[in-house]
Protein chains: 2
Amino acid sequence: MISTTIENYIKAIFYLGETATNVTVSAVAERMQNSPASVSDMLRRLYEKGLIEDKNNITLTDQGSFLAKQIIRKHRLWETFLVKTLDFKWDEVHSIAEQLEHVQSSLLTERLERFLEYPETDPHGDPIPDKDGNFPNLSIIPLSEAEPGKSYIFRSVATDAKDFLNHLDNKGLQLGQRWVIIEKEEFDGSVKLLVDDKNEVYLSEKVAKNLNICSGQLD
Amino acid sequence: MISTTIENYIKAIFYLGETATNVTVSAVAERMQNSPASVSDMLRRLYEKGLIEDKNNITLTDQGSFLAKQIIRKHRLWETFLVKTLDFKWDEVHSIAEQLEHVQSSLLTERLERFLEYPETDPHGDPIPDKDGNFPNLSIIPLSEAEPGKSYIFRSVATDAKDFLNHLDNKGLQLGQRWVIIEKEEFDGSVKLLVDDKNEVYLSEKVAKNLNICSGQLD
DNA sequence: ATAAAATTTTAGACTAATCTAAATATTCAA
DNA sequence: TTGAATATTTAGATTAGTCTAAAATTTTAT
Ligand SMILES: [Mn+2]
Ligand SMILES: [Mn+2]
Ligand SMILES: [Mn+2]
Ligand SMILES: [Mn+2]
């Protein structure tokens, strides 16, 4: 009934809806790497299937939103499996999870979740929704909004693009580390950190915007 | 490049090639639950892609055969994972594995195989080929060819259809059991067994043809 | 307020995979 | 060996998903 293609569109619209104020045809086209013409055409089909509210206002219906969260749930559970159980590295799992997220069996998803002992986050620190679509609240902020002098825990990355994750690996940055903000440059947004009381690391604003931290203690 | 649809055709042709002398359009159509017209059309595409030798003689090329074995390998490894790791029952795994077998990542397949500790057979006793496509030799025969009075080990089932597996569950039959052939009726091919020196079980020829045994000792 | 720029939709075409109905080809049996 | 039955292929159509090019609409800037 719902194709893999449609699932990918719904997921794209969900992610865009989280950040952008209003989701546009061209933004979906950009994200899906398709032409705006194809997207326009697809939106008609999504509307006919009751997955988006309206053709002008690209917003997911409850049904569409639930579907998106199920796919994200599967994606993140599989990523966790790949890293925790099969010893993949965090930069290797995204494209495989893109395939596994479309496997349809709610029993499989629940058994996988149980096997992994109900993880709250995936290898990139992203929250894993439960089977009703509820996300755990992680109260994170982007590093770019951190206050100088304060101490934080590195919680998640905003994207799991391979080259970005490799860049973090090269800088020695890992989820769970304690980061003290040494200084923040106003004119370019760059940040200087002390990582685990040991190494100093400089980060550009571009990177800092994609790193999420929380002020709490380690788990 | 190679679609899920094509993978399913190649797998069907491989299985038919194992049993039937010559594979026919109508046999493929029957197995795929498609019309002969669709199959005829698809065979042209398979030939163009170098997956079958000829349009008249439906035989897989080396490339096609290797592809088939890779898909079967993945199917059986995933079935093993579902039963051994996620506690599924043997009659629940086939349809999920039908989806998982199309996930493309040879690294994933190898890591899964390693995690499962290089299993030789899947939950239905079917041999799992290695990454080069070589099957372990299990030297099995159908129960219908067993000799009365002799003792065998129940090694595998020839089909993993859910209703067939449920039938076996109801009779208390499980892989690895020792079966002594008490008698074999010539006129209808039915068989009477002593299972693990405890229970007597009667089986029709239809069932006996789909149960595979070997004469060796337990592993 | 209007023209230019950007965005979106429509029109028309293509591919993969399927179907039914009709035409062909092959096999089998009298 | 020849007509009937069976099997296969072709013809023509359909659906999902994509494209480019052109038309229409909306936004932005002068
Ligand atoms: Mn991912
Ligand atoms: Mn992730
Ligand atoms: Mn199976
Ligand atoms: Mn099996």
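So that the names make sense, note that chain A is the first sequence line, chain B the second, and so on, each numbered from 1.
- For dT18(C), the OP1/OP2 oxygens have a side-chain nitrogen or oxygen of Tyr9(B) closer than 4.0 Å.
- OP1 and OP2 of dA16(D) both lie 4.0 Å or more from every side-chain N or O belonging to Arg45(A).
- In this structure, of dA21(D), dT10(D), dG17(D), it is dG17(D) that holds the atom nearest to the side chain of Ser3(A).
- For dC19(C), the OP1/OP2 oxygens have a side-chain nitrogen or oxygen of Asn34(B) closer than 4.0 Å.
- Met1(A) has its CE atom 12 Å from the C1' atom of dT15(D), to the nearest Å.
- Rounded to whole angstrom, the span from the NZ atom of Lys55(B) across to the P atom of dT26(C) amounts to 13 Å.
- Atoms OH (Tyr47(B)) and C1' (dT9(D)) sit 17 Å apart, rounded to a whole Å.
- Taking the six-membered ring where tryptophan is involved, the planes of Phe81(B) and Trp78(A) are tilted, since the angle between them lies from 30° to 60°.
- Contact detail for Arg76(A) and Pro127(A): the closest heavy-atom pair is NH1-O, 2.7 Å.
- The aromatic rings of Phe154(B) and Trp90(B) stand perpendicular to each other, their planes meeting at an angle above 60°, with 30° marking the opposite boundary.
- Listed nucleotides dG17(D), dT9(C), dC19(C) differ in distance to Met42(A); the shortest reach to its side chain belongs to dG17(D).
- Between the CG atom of Asp41(B) and the P atom of dT10(D) there is a distance of 9 Å, given to the nearest Å.
- Using modelled atom types, one finds a donor on one side chain and an acceptor on the other under 3.5 Å when comparing Asn8(B) with His102(B).
- Using a 4.0 Å heavy-atom criterion, one finds that Ser38(A) contacts the bases of the nucleic acid, with or without backbone contacts as well.
- Rounded to an integer number of Å, the gap from CD of Glu48(B) to P of dA17(C) is 12 Å.
- Atom P of nucleotide dT9(C) and atom CG of Leu43(A) are separated by 7 Å, given to the nearest angstrom.
- The phosphate of dT20(C) (OP1 or OP2) has no side-chain N or O of Ser35(B) nearer than 4.0 angstrom.
- In this structure, Lys49(A) atom NZ and dT15(D) atom C1' are separated by 11 Å, rounded to whole Å.
- At dA6(C), none of the side-chain N or O atoms of Ser26(A) fall inside 4.0 Å of OP1 or OP2 (strictly under the cut-off).
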